[in-house]
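These notes concern the structure reproduced below.
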Amino acid sequence: MSPSAVVTVVPARRILGRLRVPGDKSVSHRYALLAALAEGRSTLTNFAPGADCRSTLACLRRLGVDISEEADGPITVLGRGIGRLSSPSGTLDAGNSGTTMRLLAGIVAGHPFSSRLVGDRSLSGRPMRRVIEPLERMGARIEATDGHAPLLVHGARLQGIVHRPKVPSAQVKSAVLFAGLHAAGTTTVVEPAGTRDHTERALLAFGGSVAVDGLAVTVAGGQRLVGRDLSVPGDFSSAAFWLVAAAALPGSRVEIAGVGLNPTRHALLDVLKRFGAKVVVEVDAQVSTPDDGEPQGTITVEHQDVRPVVIGPGEVPGLIDELPAIAALGAHGGHVTVSGAAELRVKESDRIAALVAGFRALGVNADERPDGFVIGGRAPHASGGLTGHGAAVADARGDHRMAMAFAIAALAADAPSTIEGADAVVISYPGFFETLGRLTS
Ligand code: S3P
């Protein structure tokens, strides 16, 4: 069932249950893209069901990749080999997905044809110079409007480079490394701070080689990838909303099995411990070999205590997508201070502005900072549901993680709250609101 655009969230006393979450979005994009560049067949189980990864599959089909799907089953990709995609049969539409546009730009930049990459309104407002600049330095030519999509990528024979991005970004790292697979010589990305390493792990899983030396990651051109059967772990960033809710609501306990435990993604667990929750992690032994994919396991979170949480710049890359969920702790009697997170302003929405506006609308104190926010305590004169003075309305601004953060915050209200733009959850978690209804009481 597709979610409604406007959803009413009723207050809850607690959240209880065991569940699995949909396949990881970041890992699914990479597995699909690398399966297309591999030789032979790949079977991908638990592939992310959200619209973002559908965009990646649709673009790959336009580039001549044969992809078949079974309902609720694995997807099968017939790989074409590095540099062997076909000239696109039409525009490549990345929809709302920054990962699709940036990673695909890296791949088509190394092909002898031109590709037009477009996105929705949100994606067309997001910065693309961060991939245009290194890809042009490697030899491609990219037409854009003021550094934004649509992108017209004129592929070329690429030359390896050393790239030092100014902001930590796994998307930029991955775009340049994917271009590097198509380039002469070696390509190195030296990050200003470590970001999620799914690309590095996925390259190894598909039989490729990649060298990691501290913050420097290097790939060589001219390598071959081979098709593989892989299972995508549950998405930690989707699990985050339930983990936060369990930490926040007294009497709560949530157990999530089969969830990704990549160390570059799970900094939220430490934040929840600092907040006062009991957090238990069990790694599944059979899938924990780091060079053969992604560790996964079971996470259990129980409510225990409510303490203020402060998050500084050093922690931000490890929980960039969890910051909206973390903000919801501030609606449940907590107090959350975040700095060094200006990148939030160029996500699917300006997440600093959207979070602050949404939490205020819900009756929670919220202050905007150039590079973060302070959220916590009930606003003295708010008319929102948290104060019980009437129905509050928060606008998700078309951003999936805003819709889910507001829903978790609204569980603390005295009256039902309304979330507008709630259908944005289709991007990463189509069944979010059904699961919310099932777990809360
Ligand atoms: C992603 C990287 C992050 C993250 C995004 C997914 C990825 O973006 O916010 O949701 O899959 O590489 P940046 O790399 O731009 O920080």
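Every number for a ligand or one of its atoms is a count from 1 in the order of the listing.
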First locate atom CG of L85, then atom CG of L60, and finally report the distance between them rounded to the nearest 0.5 Å.
7.0 Å

Derivation and outcome, salt bridge (charged side-chain N to carboxylate O under 4.0 Å, His left out), residues R360 and E368:
CA-CA 11 Å; R360 282 190 182 156; E368 186 169 343; over 6 Å; no

Of K173, K347, R102, which has the heavy atom at the shortest distance from atom 16 (O) of ligand 1?
K347

Qualifying residue for side-chain contact (heavy atoms from CB on, under 4.5 Å) with V281, from L261, T298, T300:
L261

What residue and heavy atom of the protein are closest to atom 10 (O) of ligand 1, and at what distance?
D321 OD2, 2.7 Å

Measure the shortest side-chain to side-chain distance between L123 and M128 over non-hydrogen atoms and say whether it is less than 4.5 angstrom.
yes

Does R196 come within less than 4.0 angstrom of ligand 1, counting non-hydrogen atoms of the residue?
yes

How far is atom 15 (O) of ligand 1 from its nearest protein heavy atom, and which residue and atom name does that atom have?
S169 OG, 3.3 Å

Run the numbers for me: atoms of ligand 1, each under 4.0 Å from some heavy atom of S26, listed by number.
1 (C), 6 (C), 7 (C), 11 (O)

A170 heavy atoms within 4.0 Å reach ligand 1 at atoms 12 (O), 14 (O)

Do the charged groups of R196 and E322 touch, with an N to O distance under 4.0 Å?
no

With heavy atoms under 4.0 Å as the rule, classify the contact between R30 and ligand 1 as side chain, backbone, both or neither.
side chain

So for T195, does at least one of its heavy atoms come nearer than 4.0 angstrom to any atom of ligand 1?
no

Under 4.0 Å between a side-chain nitrogen and a carboxylate oxygen: does that hold for R137 and E133?
yes

Students often mix this up, so state it plainly: with edges at 30° and 60°, are the rings of H182 and H111 parallel, tilted or perpendicular?
tilted

Students should be able to answer this: which protein heavy-atom is nearest to atom 1 (C) of ligand 1, and at what distance?
Q171 NE2, 3.5 Å

